[in-house]
Amino acid sequence: MTFKDTQPQFQMIDVTLIEPDRASPRQQIDEVALKGLANSIRKTGLIHPLVVQPANASGRHVLIVGERRWRAAVMAGEKTVPALIRRCEPDEVLQVRVFENLGLGLRAPLEPRDMANAIQTIAERFGSREAAAEHLGGTPAWLKQATAAAAANLSPKI
């Protein structure tokens, strides 16, 4: 049975019952970016569930996709994480991981102007730019740069 034909099961899983797969193609994880993701998870929670194999004989799940999210959730002090449990054949695991990381039409970033407007709207909820920048995981200089398109009120063509 192929990955696409398996019926996923959603479950909150104890983070200690999840382990990364040593065969994962991701060998380098940027610690600064991981800390930023942990900060986001601490404030908002894990937005996208992990995808894991069904529990093995020892009751542990092996990650298919979401190792960065899992590591950041652990760093953030989360005890459980949302996960989709799906059986994935060994010869399919790498393909699923690569497709997930490429996005392949699943994820598309906001256009820069739309992102600037969204960040500006969130920042306006705070008493200072410093507080807003800290909440968003950046510096005041980053916040100024991130909202520059909104502040300039440029036309969509520009």
Side-chain angles (χ1 to χ4, degrees), residues 3 8-55 60-86 88 93-154 156:
F3 181 79
Q9 175 191 359
F10 178 80
Q11 186 176 331
M12 294 299 288
I13 299 177
D14 185 315
V15 295
T16 64
L17 296 178
I18 299 171
E19 59 190 48
D21 185 346
R22 289 181 228 178
S24 174
R26 185 184 302 276
Q27 297 299 310
Q28 306 295 319
I29 297 178
D30 180 337
E31 286 296 317
V32 173
L34 194 62
K35 287 176 183 175
L37 182 54
N39 185 45
S40 173
I41 291 170
R42 203 174 287 113
K43 292 176 180 160
T44 308
L46 194 58
I47 296 170
H48 297 285
L50 309 174
V51 180
V52 298
Q53 294 276 16
R60 299 181 61 76
H61 299 270
V62 176
L63 277 164
I64 298 172
V65 293
E67 184 173 347
R68 285 183 63 252
R69 283 174 273 156
W70 171 70
R71 289 184 185 280
V74 169
M75 189 181 287
E78 298 292 312
K79 301 296 181 214
T80 60
V81 290
L84 292 176
I85 302 169
R86 290 187 82 163
C88 190
V93 172
L94 182 59
Q95 178 176 311
V96 170
R97 286 179 177 145
V98 169
F99 284 5
E100 195 268 349
N101 280 285
L102 288 175
L104 294 180
L106 299 175
R107 296 181 292 194
L110 290 172
E111 293 298 323
R113 178 188 168 105
D114 295 338
M115 179 62 84
N117 286 330
I119 292 171
Q120 181 63 39
T121 299
I122 293 169
E124 289 170 356
R125 298 180 193 160
F126 293 86
S128 70
R129 295 196 61 80
E130 290 79 13
E134 181 180 334
H135 178 79
L136 292 165
T139 63
W142 168 84
L143 182 60
K144 183 176 182 177
Q145 183 178 18
T147 58
N153 199 21
L154 302 172

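The first residue in the sequence is number 1, and the count goes up from there. Being a predicted model, the structure only gives us computed values, none of them experimental. Side chains included, hydrogens not; waters and symmetry mates left out as well; all remaining heavy atoms used.
Judged as a side chain to side chain contact (heavy atoms under 4.5 Å, CB included), and not counting sequence neighbours, the contacts of Ala72 are Leu34, Leu37, Ala38, Ile41. In this view, Gln53 satisfies the side-chain hydrogen bond (donor to acceptor under 3.5 Å, both in side chains) rule with no residue, not counting sequence neighbours. By the side chain to side chain contact (heavy atoms under 4.5 Å, CB included) test, Ser128 pairs with Glu130, Ala131, sequence neighbours left out. Taking Glu19 as the reference, Arg60, Val62 meet the side chain to side chain contact (heavy atoms under 4.5 Å, CB included) condition, with sequence neighbours excluded. Listed by chain and number, the residues in a side-chain hydrogen bond (donor to acceptor under 3.5 Å, both in side chains) with Thr16 are Asp14 (sequence neighbours excluded). Evaluation of the side-chain hydrogen bond (donor to acceptor under 3.5 Å, both in side chains) rule for Arg97 yields Asp21 as partners, not counting sequence neighbours. Remark: Pro54 pairs with Ile85, Arg87 by the side chain to side chain contact (heavy atoms under 4.5 Å, CB included) rule, at least two apart or across chains.
Here salt bridge (charged side-chain N to carboxylate O under 4.0 Å, His left out) pairs that include residues 24-42, with residues two or more places apart or in two chains, number zero. Listed by first then second residue, pairs satisfying salt bridge (charged side-chain N to carboxylate O under 4.0 Å, His left out) with a partner in residues 64-82 read Glu67-Arg71, Arg69-Glu100, not counting sequence neighbours. Sequence neighbours left out, not one pair with a member in residues 134-143 passes side chain to side chain donor-acceptor pair (under 3.5 Å).
Looking at Phe3 and Val51, their side chains come closer than 4.5 Å, going by heavy atoms from C-beta outward.
Nearest heavy-atom pair, Val96 versus Cys88, reported as atom, atom and distance to 0.1 Å: CG2-SG, 4.0 Å. Minimum heavy-atom separation, Leu46 to Pro82: CD2-CD, 3.7 Å. What you find for Ile13 and Ala83 is that their closest heavy atoms are CD1-CB, 3.6 Å. Scanning all heavy atoms of the two residues, the minimum distance from Pro8 to Leu84 falls at CB-CD2, 4.4 Å.
Taken to the nearest 0.5 Å, the CG atom of Asn39 stands 8.5 Å off from the OG1 atom of Thr44. Here the CG-CZ distance, from Leu136 to Arg129, works out to 10.0 Å after rounding to the nearest 0.5 Å. To the nearest 0.5 Å, atom CD1 of residue Ile18 and atom CH2 of residue Trp70 are 7.5 Å apart. In this structure, Arg86 CZ and Phe10 CZ are separated by 14.0 Å, a value rounded to the nearest 0.5 Å.
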